Amino acid sequence: MMEKTILIRNIRTPFEETIVLKGWLHNIRISGKIAFLILRDGTGYIQCVLSKSAVGDESFEKYTKISQESSIQVYGTIREDKRSPIGFEMDVQKIDIIQQAEDYPISLKEHGVGFLSNIRHLWLRSPKQRALLVIRDLVALKIREFLHNEGFTCIDSPILTGSAAEGTTTLFELDYFGEKAFLSQTGQLYQEAAAMAFGRTYCFGPTFRAEKSKTRRHLTEFWMVEPEIAYCDFEENMAIQERMILFLIHSCLELAGTELKTLERDLSPLTKIKAPFPRVKYEEILQILNQHDRGKQWGDDITGLDETIISNEFEQPVFITHFPVESKAFYMKADPTDPRVVLAADLMAPEGYGEIIGGSQRIDSLEDLLTKMNQYGLKQEDYQWYIDLRRFGSVPHSGYGMGLERFVGWMGGIEHIREAIPFPRTIEKIYP
RNA sequence: UCCCCGAUAGCUCAAUGGCAGAGCGGCUGGCUGUUAACCAGUAGGUUGGGGGUUCGAGCCCCUCUCGGGGAGCCA
């Protein structure tokens, strides 16, 4: 007979007939004539109870020698059990050993991050890593769902680009049939073109920064979602971001409870979050920082440490707005009421997580754009297509970029965002 | 590129300049309700590489390599 294969996540009722679970051995505890095998199949964990009286001496001997992470198919029945974290256990009748694993390097005890990073291909199997990457998948799905429901069309920007969007020092350069090309550090400029065609657009994919940053919030390859909205001003831009963040938080709380629990995430800071998020001008932020003896003057950057201070100061995410013109990218629109500042806003997540979104209203006047490009030393011929957008039906428009790993890292409450991407690339890690 | 910290058993870590150790993992045995199970036994080491000081270096000094954290920059 052919037994039915069941995914652990789909076990919601007992099965009196024999079924089969296909997975890997996470852990085994042997107590004389009874053994407890924790099986994982990628969708969940279940304890399989193996008793000598049920399978016989010979099988019991064989099955209790299965090593951690061996691939196995377990046949048996499913029974409710109040002692189980998922409410069910399997009574084992038979086990097929697909491959007996060699000594597995990751034990159930603690390990250092350097060791684990070198075996990331195996580390992915650990419960917390699984939980975090499941949340990543959920967040990515819900970003698309949110934007789709708000009338956005996904128009992917190219990853290979011929010219720099924001200076060349932080770009990965490569040879493109004898010409210089770069890995994209933002898809934004292309989204501005797309938004003029589709109204509301976004791109969502990998971006690359050759910055030699060695911090808990930096990767050289990371995923970014970049919405761009035609006929949208600075204020409406923030309102959309606010709605998106709330939707994503609520989605995680509602749909990823198991994973958040696995990560031992304290949920109270997340459940407290509600709109509207505070909007605080750069100038006022400087004052707050100076109350912490940061000695800030007009024009100074908000550094990583400053971000941590700010994001600990508020329980809610905070928009920092109205940055000095010189500190921001060339395409940002100056505030008509205060030309010293641009209509830009960075969103700081609370709990010390810092910046997760950078956004702005873009320059829509041809004249202003050309002036600004000139000031930033950008050649018009490299950006002719971009300039064109101000010549053929230019409109007020705004957009933002959110770093997926930073958001996921915040949701998961983790220390370092390298765990929020399956195979992180950092300044000194490109393997595995 | 710069600053700080680190490298000892497969892993996580101890060891006043004086015999290199523990827990986990491995292996052997015990236990029919374990939850990172527990108990007993056992194997496991060129203390990251090179040089120096010293009667004597895991420990002090120099240097290199690698790893971690941070600065600058950014999502």
Side-chain angles (χ1 to χ4, degrees), chain A residues 26-38 45-54 60 64-65 67-69 81-86 89 91 101-119 122-123 126-128 165-167 169-171 184-188 204-226 241 300-308 327-329 346-349 353-359 400-410 415-418 420-421 426-429:
Chain A
H26 177 66
N27 191 19
I28 184 168
R29 289 181 284 269
I30 305 158
S31 177
K33 298 188 181 64
I34 189 168
F36 303 94
L37 288 73
I38 311 299
Y45 296 81
I46 189 170
Q47 175 157 284
C48 304
V49 182
L50 178 68
S51 75
K52 199 176 233 179
S53 57
F60 187 83
T64 50
K65 286 193 172 131
S67 54
Q68 188 190 358
E69 286 304 319
D81 195 307
K82 287 208 173 82
R83 290 167 293 193
S84 160
I86 62 165
E89 285 188 341
D91 288 320
E102 298 173 20
D103 281 354
Y104 192 64
I106 303 176
S107 73
L108 300 181
K109 297 270 181 171
E110 287 172 21
H111 296 282
V113 73
F115 172 74
L116 292 169
S117 292
N118 287 334
I119 47 170
L122 300 177
W123 192 17
S126 300
K128 284 188 180 178
E166 305 175 21
T169 53
T170 62
L171 289 170
S184 166
Q185 63 178 343
T186 170
Q188 184 213 306
F204 191 10
T207 45
F208 306 86
R209 303 275 167 95
E211 293 154 6
K212 297 197 172 179
S213 299
K214 281 185 69 174
T215 82
R216 73 180 77 123
R217 38 172 85 106
H218 286 90
L219 298 167
T220 54
E221 176 181 326
F222 64 97
W223 278 58
M224 188 156 66
V225 57
E226 295 181 278
Q241 293 170 43
D300 285 351
D301 285 325
I302 310 287
T303 68
L305 179 58
D306 297 328
E307 285 184 19
T308 305
S327 68
K328 289 288 181 181
D346 288 351
L347 185 65
M348 302 288 140
Y353 280 92
E355 184 176 355
I356 52 170
I357 289 179
Y400 60 96
M402 184 179 86
L404 178 64
E405 292 78 14
R406 285 191 179 174
F407 183 83
V408 171
W410 172 34
E415 277 293 310
H416 197 304
I417 65 166
R418 74 183 138 216
I421 188 167
T426 57
I427 176 169
E428 278 170 353
K429 173 129 325 246

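Lettering of chains follows the sequences in order, A, B, ..., and the numbering in each one begins at 1. No experiment lies behind these values; they were computed from the predicted model shown.
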Expressed as a whole number of Å, how far does the [atom1] atom of [N] sit from that of [M]?
N: A15(B); M: C73(B); atom1: P; answer: 40 Å
N: G33(B); M: C38(B); atom1: C1'; answer: 13 Å
N: U16(B); M: G52(B); atom1: C1'; answer: 23 Å

Which part of the nucleic acid, if any, lies within contact of Glu102(A), taking any heavy atom under 4.0 Å across all strands shown: a base, the sugar-phosphate backbone alone, or nothing?
-> nothing
For Phe36(A) and G33(B), is the gap between ring centres under 5.5 Å while the planes differ by less than 30°?
->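 So no, this residue does not stack on that base, at least one cut-off failing.
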What integer distance in Å separates [X]:[atom1] from [N]:[atom2]?
X: Arg216(A); N: C74(B); atom1: CZ; atom2: P; value: 19 Å
X: Glu415(A); N: G68(B); atom1: CD; atom2: P; value: 15 Å
X: Asp300(A); N: G72(B); atom1: CG; atom2: P; value: 11 Å
X: Tyr400(A); N: A75(B); atom1: OH; atom2: P; value: 15 Å
X: Phe115(A); N: A9(B); atom1: CZ; atom2: P; value: 12 Å

Report the residue (Pro105(A) or Pro85(A)) whose heavy-atom-nearest nucleotide on RNA chain B is the more 5′ of the two.
->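 Here Pro105(A) is the residue nearer the 5' end.
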Protein-nucleotides 40-49 of chain B N/O pairs under 3.5 Å:
none

Give each stem of RNA chain B as a range with a range, requiring at least 3 consecutive Watson-Crick or G-U wobble pairs whose two distances are under 3.5 Å.
-> B:1-7 with B:65-71, B:10-13 with B:21-24, B:26-30 with B:38-42, B:48-52 with B:60-64
What string of B, S and - do you get for nucleotides 26-32 of chain B 5' to 3' if you count protein non-hydrogen atoms under 4.0 Å?
-> S----BB
